[in-house]
There are 2 protein chains.
Amino acid sequence: MTRATTAPADRTRARRPSESIVADLLEAAAVEFAAHGFAGASTRRIAQRAGAHQPQINYHFTSKEQLWRATVDHLFTLMDAALPALDRPGPLGHAFVDLLHAFIRFSAEHPELDRIINLEATVPSARLEWLVATHLTPRFEVVAAGWRQLRSEGVGADLTAGEVWELITSFGAMHFANAPMLSLLGIHEGDGRSEAEAHAERVLAVLLPTATGRAPAP
Amino acid sequence: MTRATTAPADRTRARRPSESIVADLLEAAAVEFAAHGFAGASTRRIAQRAGAHQPQINYHFTSKEQLWRATVDHLFTLMDAALPALDRPGPLGHAFVDLLHAFIRFSAEHPELDRIINLEATVPSARLEWLVATHLTPRFEVVAAGWRQLRSEGVGADLTAGEVWELITSFGAMHFANAPMLSLLGIHEGDGRSEAEAHAERVLAVLLPTATGRAPAP
DNA sequence: GTCTATACCGAGATAGAC
DNA sequence: GTCTATCTCGGTATAGAC
């Protein structure tokens with residue numbers, strides 16, 4: 001493949017038509033940052049994975065740090081597009097169930113976001129502060145308000161909003177973020193779409209044990 | 001402090017009496033590996049934190065990789081010393097409750113181990129294979145056998161052994177491993193010893209909702 | 001066993017031709 | 001905007017005096 005011109009084809013990497021380089025760099029950066037963390041990831045490898053040259057990262061993103069932030073922004077944009085709103089018309093419980101299913105499904109398809117968040121979560125840093133203030137806090141507020149409303153209606157397990165958030169982001173997302181380890185352990189049935197739905201039901205069995213016709217599997 | 005000899009005191013680091021260097025290096029390595037991952041941690045910083053010189057790491061541990069494995073071994077040794085056995089005399093349910101309390105308490109006191117595991121869990125590697133085969137699989141087998149026994153006695157929520165393992169290691173341990181993020185989010189009340197007990201009760205409320213006089217808080 | 005000096009490599013970032 | 005060449009820095013590991 002790679003075009004058959006008269007020029008030597010054994011170039012380090014075929015020249016790119018310059019169209020989607022930024023998008024390709026963001027996608028490659030998500031994989032590398034998720035796999036090795038900010039410090040461990042290298043811009044050389046990111047560029048190589050995207051079929052670009054390393055200095056193009058500095059040209060398009062100024063610095064490695066800016067590339068990291070753009071990558072996180074990009075992944076959250078993808079996630080928002082995949083999640084339904086919580087304040088739509090109809091029963092809040094149904095909206096909550098749908099939101100959780102969509103979140104788990106997204107975590108299965110894009111484990112990179114949860115991995116990146118977990119990699120930053122353990123040590124204070126400017127990146128973590130930015131991540132929490134920019135992306136996590138606003139979303140937590142929405143979920144927390146929804147959960148408190150549900151609880152005031154007598155629905156849901158006896159858990160605080162914070163505990164619900166922790167349960168969803170740890171137990172819910174870790175199943176896919178840590179898939180390589182769980183696979184070696186013999187847990188993790190397979191990455192099929194049905195696996196995401198099954199896992200969402202597991203989480204819901206804990207959060208909404210008796211609500212809206214939902215019950216623990218027999 | 002640091003001894004007042006005639007020699008210049010502004011040495012990079014005071015000379016060590018050579019007694020506990022290995023132990024100090026292991027402790028420093030746990031902190032640095034937990035904070036930055038294997039690739040992101042640097043042997044220079046580890047040595048500096050331990051009050052040693054960087055080449056001493058290669059002398060005592062041969063390589064960075066061997067230092068990492070020794071660090072993991074060390075942390076698991078600490079954990080084993082802090083956990084009660086599951087097959088002691090008496091009701092298995094009680095032993096299970098005690099084990100979980102001790103595990104959560106250890107996770108609160110030594111969040112480094114869970115952090116190191118999570119940092120490796122997301123990408124296949126020789127280190128991950130070693131970690132799972134050497135340390136995780138044997139312990140998982142014990143917990144899984146205990147859980148299946150409990151279930152056969154009609155005790156415990158309707159969860160597989162794998163799901164119980166995931167719940168404990170993610171929701172149970174993440175509360176302390178990700179404390180910096182949760183603190184910025186406004187979750188996480190404080191690191192007190194009572195916080196560990198409270199969190200263990202939360203996990204048990206999910207795992208053993210109705211067993212042995214245990215019930216969800218009113 | 002400890003410490004200094006250093007070899008060697010790969011990192012991020014920049015300059016400048018194209 | 002792209003690409004090559006290169007600067008500078010920090011990484012791991014090793015040699016050899018003490």
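Chain identifiers are assigned alphabetically (A, B, ...) following the order of the sequence lines, protein sequences preceding nucleic acid strands; residue numbering begins at 1 within each chain.
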Between atom CD in A:Q54 and atom C1' in D:dG1, what is the gap in whole Å?
16 Å

Does any N or O donor sit under 3.5 Å from an N or O acceptor when you compare the side chain of A:R44 with the base of C:dG10?
no

Tell me which nucleotide among D:dT2, D:dT12, C:dG1 gets nearest to the side chain of A:H60.
D:dT2

Aromatic ring proximity A:W68/A:F61, centre distance under 6.0 Å
no

Does B:Q56 put a side-chain nitrogen or oxygen below 4.0 Å from OP1 or OP2 of C:dG1?
no

How many Å lie between CG on B:L67 and P on D:dT12, as a whole number?
10 Å

Rounded to the Å, how far apart are B:H36 NE2 and C:dA11 C1'?
16 Å

Protein-nucleotide distance (A:F61, atom CZ; D:dT2, atom P), rounded to Å
11 Å

Judged by atom type as modelled, is there a donor-acceptor pair below 3.5 Å linking the side chain of B:W165 to the main-chain atoms of A:L182?
no

Taking only the side-chain nitrogens and oxygens of B:H53, find out if one of them lies under 4.0 Å from OP1 or OP2 of C:dT2.
no

Please check if the number of heavy atoms outside A:R127 that lie under 6.0 Å from its CZ is greater than 12.
yes

Using a cut-off of 6.0 Å, state whether more than 12 heavy atoms not belonging to B:Q54 lie near its atom CD.
yes

When all nucleic acid strands are considered with a 4.0 Å heavy-atom cut-off, which category describes B:A39: base, sugar-phosphate, or nothing?
nothing

Distance, rounded to the nearest Å, where B:L25 contributes CG and C:dC3 contributes P
11 Å

Any base atoms under 4.0 Å from B:A41, or only sugar-phosphate, or nothing? Heavy atoms, all strands.
sugar-phosphate

Rounded to the nearest Å, what distance is computed from the OH atom of residue B:Y59 to the C1' atom of nucleotide C:dG1?
5 Å

Integer-rounded Å distance: D:dT8 C1' and A:K64 NZ:
16 Å

Choose from D:dA13, C:dG1, D:dT4 the nucleotide whose nearest atom is closest to any side-chain atom of A:P55.
D:dT4

Please compare B:T62 and B:R45 by the position of their nearest nucleotide in DNA chain D and report the one closer to 5'.
B:R45

Determine whether A:K64 and A:F38 make a side-chain contact, defined as any pair of heavy atoms from C-beta on separated by less than 4.5 Å.
yes

May I have the distance from A:N58 (atom CG) to D:dA5 (atom C1'), rounded to whole angstrom?
15 Å

